[in-house]
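Accompanying notes for the structure given below.
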Amino acid sequence: MLRDTPVKHRAGLAATTASARSYRNVLHGTVLLCALTLMAGCVKQELTLDVFEEVTAGSGLEGLTGMTYGATWGDFDGDGLADVYLTHHLDAAGLYRNAGAGRFEDVTAKHFAPEDIVADKHGSAWADFDNDGRTDLVQLTGAVKGVGAEPKLLFNNRGDRFVNVADTVGVVNPDGRTRMPLWLDLNGDGKLDLLHGAEIRLDGRMPPFVFLQGDAHFEPFDAALGFKSRSAPFCVLTELTGDNRPELICRLLGQGGALQVFDLADLPARSLDILPQTAFEDIAAADFDNDGRIDVFLTRKNAPGPLAFGRPADRQIVASLRIDKHNLDKPLGFRFRSNGKLSLRLAAASPEGALSPAHIHLGTTGAHPNSLNFEVSPEIGPLAQPVARGETAVHMGFTAPDQWEILVAAPREALAAGALKQQEIQASLVASEPIAQLEAIGETKPEEAPARLFMNREGEMREESDKRGVNTRPLAGANVVAGDFDNDMDVDLFILASGDIGQQENQLLLNDGKGHFRVVKAAGGAAGSRSGVGDSATTVDFDGDGFLDLFVANGGSMGRSLGLPSDGGNYQLFRNKGNGNHWLMIDLEGTRSNRDGIGAIVRVTAGKITQTRVQDGGVHYRSQNHSRLHFGLAKHTQADTITIHWPSGQIQQLKAIEANQVLRVTEPTP
């Protein structure tokens with residue numbers, strides 16, 4: 001049975017003009033030119049393409065600054081438009097309804113009780129867990145510094161409001177130090193089960209990861225997934241073995257390794273040794289070369305050294321300075337050149353409250369400021385004395401002709417004895433004149449790390465990173481999404497680039513149709529903010545024009561950024577400008593399978609090219625993309641065939657489906 005409820009593309013989007021060439025033609029022309037001029041080093045040139053434009057201003061999502069923890073896209077009111085839920089981490093969460101025409105309306109107070117939107121909120125995810133046709137929401141939380149208790153939230157969508165039923169249905173899990181949820185049907189009964197991605201508690205207690213849904217209630221069932229580590233912060237659903245049934249890839253931390261792959265054909269799930277134990281931040285699983293098999297891209301970054309910098313602007317520095325037993329006798333600080341005054345904010349990130357104005361020594365006299373937020377001018381002069389290393393201290397001075405110097409110290413005896421694990425001081429400063437020649441005093445480490453791309457060769461995952469262009473420009477990859485951003489029938493990559501303390505320029509990698517990638521200059525218009533700390537990226541067609549847009553969160557609290565660096569974070573909405581290519585989007589409605597069709601494998605063929613998608617629910621590290629399946633069709637005005645492998649085992653095929661519509665497909669009933 002097919003319920004065909006198309007949503008036509010908006011006026012003017014199908015009109016193809018001479019300037020609206022497909023991006024693939026531009027890419028292929030550039031590759032050919034480079035092939036002819038290889039000796040000139042053309043292969044290293046970046047593509048110049050205008051793909052995205054920022055439209056945050058006026059969207060209703062502007063002005064939201066501070067810490068973020070991802071974004072969660074879903075259609076909570078059933079009007080066909082993607083809405084967004086933002087946890088805002090430690091601030092009150094917000095629900096923003098898509099009102100159309102690029103506008104979002106804050107409807108939080110209308111749908112949530114005030115007490116339900118405040119907590120140490122981490123990842124969240126939409127899904128219709130009770131199969132009633134309305135999209136529900138799970139919200140995970142922390143565990144009060146890794147040793148306390150905080151209830152997890154499960155909001156049942158009652159149409160006019162969300163009611164927290166976590167305790168009633170058995171998923172409150174107060175002791176879980178949870179990070180990112182995942183909805184999936186583990187036992188194939190047509191009901192969605194729930195994974196609480198989590199990190200190990202600091203007191204050794206072992207709350208559950210897995211909750212299996214029964215009759216209106218969930219039961220802990222960790223035996224379903226034998227994790228090799230008690231830290232598995234998130235998992236993604238995909239299909240690697242070619243059996244048209246999903247597998248699970250989980251990120252691990254600690255002694256159990258870096259990742260684990262589960263075959264979900266039977267329970268307890270069997271671990272598959274098909275990917276190497278390599279550390280990573282996020283996963284994009286997609287068929288990059290259109291051979292019908294899902295490949296795996298891992299974005300990665302290195303931990304910074306004792307000293308890490310962020311440069312939001314030419315007159316601003318954010319710095320994190322960490323002293324532990326390994327560097328307690330080494331100088332640590334930084335110097336730079338700038339004329340004029342400085343405005344500073346200082347904070348102790350670890351341990352909290354360890355820094356007061358009395359610990360700050362300014363210039364020749366060693367004077368103390370009145371607070372941790374203060375201004376200084378060059379008149380303070382140079383440092384008067386060597387830095388004392390027996391106590392917490394920040395020393396700052398100005399050396400002729402125009403050089404500032406900042407040094408920090410920590411309690412040596414406490415660090416050496418192990419009574420204090422580390423001391424971390426964060427500084428944010430803004431100069432009245434441009435800053436130049438920033439120089440570290442002490443050890444720094446590059447946070448850039450090569451990504452890894454594994455191509456699926458009949459179930460064998462082979463690394464082909466170097467020859468496929470994904471590491472042309474090294475970066476610290478914090479988050480990644482895959483999608484056909486130019487609708488040319490192949491899957492591209494967008495990487496959110498950020499260190500733990502400051503952001504880098506984001507990266508757009510455009511696919512040539514054969515799984516080889518080229519860097520697009522300035523990320524095609526989505527290079528991003530340099531303020532805050534990179535958190536997450538999500539894909540969504542928020543304006544319904546058939547082209548995937550991007551939503552980026554910039555207030556991440558990764559590693560060392562829980563404090564001043566993430567204060568400047570915000571959200572950015574990037575609209576895809578589109579081109580003349582066609583598209584098709586598919587919403588699944590399960591009957592025997594779960595209503596969202598999570599776990600389904602969908603293949604769309606047009607013009608002898610078959611594209612494969614897995615209905616994975618959109619979940620990846622910290623975030624949830626809008627789960628509507630998107631296919632670019634290039635110049636094809638129809639999909640010749642659509643084949644759906646439902647989680648129930650049913651196979652459904654549709655033929656001659658018109659392009660440029662949102663198609664809702666209902667699973668046939670027996």
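Quantities reported herein were computed from a predicted structural model and do not represent experimental measurements.
Ion pairing of Asp243 with Arg245 is present here, as a side-chain N (NZ or NE/NH1/NH2) and a carboxylate O approach within less than 4.0 Å. Using a cut-off of 4.0 Å between Lys/Arg side-chain N and Asp/Glu carboxylate O, Glu448 and Lys301 are scored as not salt-bridged. Using a cut-off of 4.0 Å between Lys/Arg side-chain N and Asp/Glu carboxylate O, Arg97 and Asp83 are scored as not salt-bridged. Salt bridge annotation for Arg457-Asp289: present, with a cationic side-chain nitrogen under 4.0 angstrom from a carboxylate oxygen. Ion pairing between a basic and an acidic side chain is recognised when a charged N comes within 4.0 Å of a carboxylate O; Glu460 and Arg462 show such pairing. Remark: Glu239 does not engage Arg613 in a salt bridge, criterion side-chain N to carboxylate O under 4.0 Å. A salt bridge is defined here as a Lys NZ or Arg NE, NH1 or NH2 lying under 4.0 Å from an Asp or Glu carboxylate O, and Asp535 with Arg622 meets this definition. Ionic pairing of Arg628 and Asp541 is not present here: no N-O contact between side-chain nitrogen and carboxylate oxygen is shorter than 4.0 angstrom. We find that Arg595 and Asp128 are joined by a salt bridge, their nearest charged nitrogen and carboxylate oxygen being less than 4.0 Å apart.
In Arg270, the CZ atom is not crowded: 12 or fewer heavy atoms of neighbouring residues, nucleotides or ligands sit closer than 6.0 Å. Other residues, nucleotides and ligands place more than 12 heavy atoms under 6.0 Å from the CD atom of Gln653. Annotation: Gln255, atom CD; neighbour count of heavy atoms from other residues, nucleotides and ligands within 6.0 Å does not exceed 12. Applying the 6.0 Å contact sphere to CG of Asp160 captures more than 12 heavy atoms from other residues, nucleotides or ligands.
Atom OG1 in Thr539 sits 12.0 Å away from atom CG in Asp492 (nearest 0.5 Å). Note that OG1 of Thr612 and CG of Asn456 are 10.5 Å apart. Values are rounded to the nearest 0.5 Å. Remark: Asn576 CG to Asp549 CG distance equals 6.0 Å, nearest 0.5 Å. Separation of atoms CG (Asp282) and CG (Leu496) is listed at 9.5 Å; rounding is to 0.5 Å. Once rounded to the nearest 0.5 Å, the distance linking CZ of Phe288 with CZ of Arg293 reads 15.0 Å.
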Under 3.5 Å, which donor-acceptor pairs do the side chains of residues 196-204 form with other protein atoms, sequence neighbours left out?
| residue | atom | partner | partner atom | Å |
| --- | --- | --- | --- | --- |
| His196 | ND1 | Asn173 | ND2 | 3.0 |
| Glu199 | OE2 | Arg179 | NE | 3.3 |
| Arg201 | NE | Asp203 | OD1 | 3.0 |
| Arg201 | NH1 | Gly148 | O | 2.7 |
| Arg201 | NH1 | Asp175 | O | 2.7 |
| Arg201 | NH2 | Val147 | O | 2.7 |
| Arg201 | NH2 | Gly148 | O | 3.3 |
| Arg201 | NH2 | Asp203 | OD2 | 2.8 |
| Asp203 | OD1 | Arg205 | N | 3.1 |

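Taking every heavy atom of both residues into account, Arg230 and Asp222 meet most closely at NH1-OD2, 3.6 Å. Nearest heavy-atom pair across Ser561 and Asp500 is CB-O, 3.0 Å. The shortest non-hydrogen separation linking Val665 to Trp646 is O-CH2, 3.7 Å.
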Practice item. Kindly indicate, with the supporting measurements, whether the criterion side-chain hydrogen bond (donor to acceptor under 3.5 Å, both in side chains) is fulfilled by Asp185 and Asn594. Key: CA-CA 7 Å; Asp185 184 359; Asn594 65 86; 4.6 Å; no

Point to revise | Derivation of the side-chain hydrogen bond (donor to acceptor under 3.5 Å, both in side chains) call for His111 and Tyr85 | key: CA-CA 12 Å; His111 292 279; Tyr85 172 83; over 6 Å; no

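Tested against Ser124 for a side chain to side chain contact (heavy atoms under 4.5 Å, CB included), the candidates Leu153, Val619, Leu137 yield a single pass: Leu137. Screening Leu195, Thr178, Leu194 against Phe209 for a side chain to side chain contact (heavy atoms under 4.5 Å, CB included) leaves a single residue, Leu195.
Taking the six-membered ring wherever Trp is involved, the centroid distance between the rings of Phe280 and Tyr621 does not fall below 6.0 Å.
Side-chain contact between Gln213 and Val169: absent, with no pair of heavy atoms (C-beta onward) separated by less than 4.5 Å.
Remark: Arg452 is not positioned above the aromatic ring of Phe297, lacking an NZ or CZ atom under 6.0 angstrom from the ring centre and at most 45 degrees off the axis.
For Ser271 and Gln260, the side-chain atoms include at least one donor-acceptor pair closer than 3.5 Å. Residues Arg603 and Asn244 have side chains that bring a donor and an acceptor to within less than 3.5 angstrom of each other. A donor atom on one side chain and an acceptor atom on the other are found under 3.5 Å apart for Glu667 and Gln650.
The backbone N or O of Leu453 lies less than 3.5 Å from a partner atom in the side chain of Ser465, making a donor-acceptor pair.
With sequence neighbours left out, Trp73 forms a ring-ring contact (aromatic ring centres under 6.0 Å, His included) with Phe104, Phe551.
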